[in-house]
Amino acid sequence: MRLVRRADDDEVNCGSGGGSDELFGLRVASIFIILIGSMFGALFPVLARRSKWLSARIPHGLFDFAKYFGSGVIIATAFIHLLDPALDALGSPCLTGGWTDYPWALAIALVSIFMIFIVEIIAFRWGTATLAKIGLSHDAHGHGIGGHAAHGPEGNEGAITYLPEEKEKTSDDIESAHQHKLAVQSAMDALATQLIGIAILEFGVVLHSILIGLTLAVDEDFKVLFVVIVFHQTFEGLGVGSRLAYMDLPHKYNYVPICGALLYGITTPIGIAAGLGVRTTYNPESTTASIVSGILDSFSAGILIYTGLVELLAHEFLFNKEMINGSNAKLAYAIGCMMLGCGLMALLGRWA
């Protein structure tokens with residue numbers, strides 16, 4: 001999170017110093033105000049989609065709006081609210097030596113992107129090999145006929161088919177015997193891939209949210225930053241919550257999206273509380289703080305760049321048969337919602 005500096009700040013304090021202690025009562029109140037905003041943004045899509053009473057009263061188009069709007073928010077967060085502050089932090093005048101000789105923020109983000117890619121490809125290879133052992137195949141990216149992308153509800157479900165050699169010897173008895181294996185294994189595969197995807201997204205967002213809380217607790221321009229972060233966390237919560245809401249999990253795992261939303265909701269308030277606890281010694285502009293926040297922001301930026309462009313953008317549009325075969329109006333609406341979320345979140349970067 002970029003610090004909003006005053007025009008008369010000509011010198012940078014690189015020491016351990018303390019942060020601002022003004023408006024202490026409002027800083028404490030911000031813990032609960034941001035908690036409400038974050039919880040509402042993250043929990044509302046999840047509860048609305050799972051509650052029969054709420055889902056019957058909320059237009060289906062609103063769920064689609066939240067999903068695409070949230071995708072745009074996550075993409076803007078990666079570039080404007082994570083990568084740019086990371087460049088500022090690791091380019092701080094307080095840093096010397098090797099920190100000034102290389103664009104470390106970009107390098108760390110790049111490493112993060114490849115790390116997430118490697119984790120995912122290993123997971124998919126493991127899932128494919130497991131299915132092949134019982135004579136099944138799964139199109140994880142929705143390229144085949146009737147394919148279903150494993151990253152989310154993007155088309156027809158159940159893109160699991162018999163391998164050619166298994167088809168040739170299939171009889172009524174064999175088909176009956178394999179039916180249970182198919183159902184169990186497909187559920188396990190879908191569950192694993194969805195959990196990996198959402199865990200990656202949560203990890204990046206949680207790191208970011210904690211740093212936001214620490215910064216808000218001690219920043220001198222508290223009033224401006226406070227207002228911006230309330231909107232920031234609510235919009236980002238909507239983005240995370242809309243992805244959690246669309247997780248297609250077995251009934252006994254319905255608690256997972258709720259836990260994910262709760263985790264998001266409490267991270268920034270925890271960061272604020274921690275920042276207030278160390279406000280007399282914590283200086284967000286110090287050398288140590290710049291290095292730590294710069295590294296974490298860079299790493300989180302890589303995670304959200306990969307998640308936003310691959311998991312959300314590509315799989316929602318390029319690999320989604322509903323978008324490929326749907327009407328131009330539906331495609332334009334989805335892209336418009338996504339660009340609105342991205343634009344509003346990017347606009348908030350003007351102040352924080």
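- The side chain to side chain donor-acceptor pair (under 3.5 Å) search around S293 returns none, not counting sequence neighbours.
- Between H81 and H208, the angle of the ring planes lies from 30° to 60°, which puts this pair in the tilted group.
- Using a 4.5 Å heavy-atom threshold, the side chains of L276 and I31 count as touching.
- Annotation for A76 and M345: closest pair CB-CB, 3.6 Å, computed over non-hydrogen atoms.
- With respect to the salt-bridge test (charged N to carboxylate O, under 4.0 angstrom), the residues E311 and R243 do not qualify.
- In this structure, L225 and T215 have side chains that are in contact, with non-hydrogen atoms separated by less than 4.5 Å.
- Among all heavy-atom pairs drawn from A301 and A78, the shortest one is CB-O, 3.7 Å.
- In this structure, F226 and F222 have parallel ring planes: the angle between them is below the 30° cut-off, well short of the 60° mark.
- Taking CG from L62 and CZ from R49, the interatomic distance works out to 12.0 Å, rounded to the nearest 0.5 Å.
- By the 4.5 Å heavy-atom criterion applied to side chains, F63 and Y68 are not counted as neighbours.
- Of all the heavy atoms in I58 and A48, the pair that sits closest is CD1-CB, 3.7 Å.
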Show your reasoning for whether side-chain contact (heavy atoms from CB on, under 4.5 Å) applies to Y306 and I200.
-> CA-CA 10 Å; Y306 181 88; I200 290 170; 5.6 Å; no

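- Both F117 and I198 belong to a common hydrophobic cluster when Ile, Leu, Val, Met, Phe, Trp and Tyr are linked at side-chain heavy-atom distances under 4.5 angstrom.
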For residues 261-270, dump all side-chain donor-acceptor pairs below 3.5 Å to protein atoms at least two apart in sequence or in another chain.
from, atom 1, to, atom 2, distance (Å)
Y264, OH, Q233, O, 2.6
Y264, OH, Q233, NE2, 3.3
Y264, OH, G237, N, 3.1
T267, OG1, Y264, O, 2.9
T268, OG1, S209, O, 3.3
T268, OG1, Q233, NE2, 2.7

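- Counting non-hydrogen atoms of neighbouring residues, nucleotides and ligands closer than 6.0 angstrom, the CG atom of N328 reaches no more than 12 such neighbours.
- Inter-residue side-chain proximity for L244 and P45 is flagged as unmet; no heavy-atom pair is nearer than 4.5 Å.
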Go through the steps for W99 and I291 under the test side-chain contact (heavy atoms from CB on, under 4.5 Å), then give the verdict.
-> CA-CA 9 Å; W99 291 107; I291 293 173; 3.7 Å; yes

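- I36 and V227 fall into different hydrophobic clusters, where Ile, Leu, Val, Met, Phe, Trp and Tyr side chains are chained together by heavy-atom contacts under 4.5 Å.
- Between F32 and V28, the shortest heavy-atom distance links the atoms CD1-O, 3.6 Å.
- The CG atom of L35 sits 9.0 Å away from atom CD1 of I272, with the distance rounded to the nearest 0.5 Å.
- V119 and M115 fall into different hydrophobic clusters, where Ile, Leu, Val, Met, Phe, Trp and Tyr are joined by side-chain heavy atoms under 4.5 Å apart, directly or via other members.
- Interatomic distance, I34 CD1 to T234 OG1, rounded to the nearest 0.5 Å: 8.5 Å.
- Of all non-hydrogen atoms in T77 and L304, the two that sit nearest each other are CG2-CD1, 3.9 Å.
- Annotation: the span from I229 atom CD1 to E236 atom CD amounts to 10.5 Å, rounded to 0.5 Å.
- Taking a 6.0 Å sphere around CZ of F317, one finds it holds more than 12 heavy atoms contributed by other residues, nucleotides or ligands.
- The ring of F235 has its center closer than 6.0 angstrom to the ring center of F69.
- Under a 3.5 Å cut-off, the side chain of R27 and the backbone N or O of A273 do not form any donor-acceptor pair.
- Here the closest heavy-atom approach between residue S298 and residue A105 is recorded as OG-CA, 3.2 Å.
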L318 and L313: CA distance, side-chain angles, deciding distance, side-chain contact (heavy atoms from CB on, under 4.5 Å) verdict = CA-CA 8 Å; L318 299 180; L313 198 62; over 6 Å; no

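- Here N254 contributes atom CG and R50 contributes atom CZ; the two are 5.0 Å apart, rounded to the nearest 0.5 Å.
- In the hydrophobic clustering of ILVMFWY residues, with side-chain heavy atoms under 4.5 Å counting as a link, I324 and Y333 come out apart.
- I295 contributes atom CD1, which lies 11.0 Å from atom OG of S290 (distance to the nearest 0.5 angstrom).
- Using a 4.5 Å heavy-atom cutoff, the side chains of L201 and I74 are in contact.
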Test L95 against S92 for side-chain contact (heavy atoms from CB on, under 4.5 Å), laying out the working first.
-> CA-CA 6 Å; L95 303 184; S92 169; 4.2 Å; yes

